[in-house]
Amino acid sequence: MVDADQRLIVTIDGPAGTGKSAVSHRLAAELGISCLDTGAMYRCVALMTMREGIDASDASLVTPAMDAHPIDFDWTQHPPMPRLDGEPVGEAIRSAEIGRVVSIVAAVPEIRGAMVQAQRRIAQTHPRLVSEGRDQGSVVFPDAEARFYLTADASIRAHRRARQLRATGHENVEEAEVLQAIEARDALDRSRKIGPLTCAPGAILIDTTEMGRQEVVERLAREVRAIVDGAVSGSC
Ligand code: DC
């Protein structure tokens, strides 16, 4: 069984629209541990560059600005609420414009380096954590107790993302545009030199195309419990 004192880092990586966020929240609740949305951290950096009017691709401007405008989480909330300058960012980090700028931010090696350090520091104070992103199992926590890579057909991912955007007040969403944006973002995430989106060796690959969200959560929870109990299985 999952022991309450034991370190337990569970990483969930994969492209946009595989349901990583919702699955991470539910899995963390199911296991009774915290969760970390690392995409929200990159999105906060993108928001900060927009507010400050600085070029998101210029590390010499962005890294000092990151020091001046700290990003953290309110850990009293589930899921933990991302904050910039101590203020909750809410839906401001979910706009289409942030979606474009964040791709630029996420490709800057110096920004990625700072994020990796910040995520490892978080794991020191929250050693029982489901950490979700693109490089969590491959770069940030290659020694995590359980590492998952979720995937799904791009058209299904676009459908899910469009539904999620509509549910959060973006009513005029065109699914074809979402698909285009997803494919462009996947290509950038996969091709960048540092921390590319990849299924790390030893990670467990799960294709969610035909799975419901709860089904994915149950599968992951089963896998985590099996790993903690000593029956290990990787598929990448
Ligand atoms: O998961 P998301 O859509 O909120 O991620 C936002 C962007 O940040 C996306 O372009 C991928 C990038 N990202 C990343 O490069 N590394 C992470 N660990 C998390 C997100």
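Fair warning: this is a prediction, and the values are worked out from it, not measured in the lab. Numbering of ligands and ligand atoms starts at 1, following listing order.
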Checking contacts here: is it the side chain or the backbone of Arg43 that comes within 4.0 Å of ligand 1, counting heavy atoms only? Could be both or neither.
side chain

Determine, using the 4.5 Å side-chain heavy-atom cutoff (strictly less than), whether Val216 and Ile33 are members of one ILVMFWY cluster.
yes

Salt bridge check, Arg94 against Asp37: does any charged N sit closer than 4.0 Å to a carboxylate O?
yes

Which atoms of ligand 1 have any heavy atom of Thr38 under 4.0 Å away?
17 (C), 18 (N), 19 (C)

Would Arg160 and Thr208 count as a side-chain hydrogen bond (donor to acceptor under 3.5 Å, both in side chains) if you check the C-alpha gap in whole Å, the side-chain angles of each, and the deciding distance to 0.1 Å?
CA-CA 12 Å; Arg160 290 175 184 163; Thr208 71; 3.1 Å; yes

Assess, by modelled atom type and distance only, whether the side chains of Thr63 and Glu110 contain a donor and an acceptor separated by less than 3.5 Å.
no

Any atoms of ligand 1 less than 4.0 Å from a non-hydrogen atom of Arg192? List them with their elements.
14 (C), 15 (O)

Atoms of ligand 1 under 4.0 Å from any heavy atom of Arg112, numbered from 1 in the order shown, are 14 (C), 15 (O), 16 (N)

Which label fits His25 and His78: parallel for a plane angle under 30°, tilted from 30 to 60°, or perpendicular past 60°?
perpendicular

Nearest-contact summary for atom 18 (N) of ligand 1 - protein heavy atom, Å
Asp135 OD1, 2.8 Å

Do you see a donor-acceptor pair shorter than 3.5 Å between the side chains of Asp153 and Ser155?
no

Can you report which non-hydrogen protein atom sits closest to atom 9 (C) of ligand 1, along with the distance?
Arg185 NH1, 3.4 Å

Looking at Arg161, which atoms of ligand 1 are within less than 4.0 Å of one of its heavy atoms?
3 (O)

Given that the side chain starts at C-beta and the backbone is N, CA, C, O, which of these parts of Asp37 lies under 4.0 Å from ligand 1, counting heavy atoms, or is it both or neither?
neither

Could you tell me, atom by atom, which parts of ligand 1 come under 4.0 Å of a heavy atom of Ala106?
12 (C), 15 (O)

Non-hydrogen atom of Arg100 closer than 4.0 Å to ligand 1:
no

Checking Glu218, Glu30, Glu145 against Arg225 for salt bridge (Lys or Arg N to Asp or Glu O under 4.0 Å), the one that qualifies is Glu30

Contact with ligand 1 for Met41, non-hydrogen, under 4.0 angstrom
no

Look at Arg134 together with Asp13 and state whether they make a salt bridge at an N to O cut-off of under 4.0 Å.
no

Number the atoms of ligand 1 from 1 as they appear, then name those within less than 4.0 Å of a heavy atom of Gln136, with their elements.
18 (N)

Which residue and non-hydrogen atom of the protein lie closest to atom 20 (C) of ligand 1, and at what distance in Å?
Gly39 CA, 3.5 Å

Note: Arg7-Asp143 ion pair, threshold 4.0 Å (strictly below)
yes

Please confirm whether Gln119 approaches ligand 1 to less than 4.0 Å, judged on its heavy atoms.
no

Could you check atom 13 (N) of ligand 1 against the protein and tell me its nearest heavy-atom contact, residue, atom and distance included?
Arg134 CG, 3.7 Å

Do Val108 and Val105 belong together in a cluster built from hydrophobic side chains that touch within less than 4.5 Å?
yes

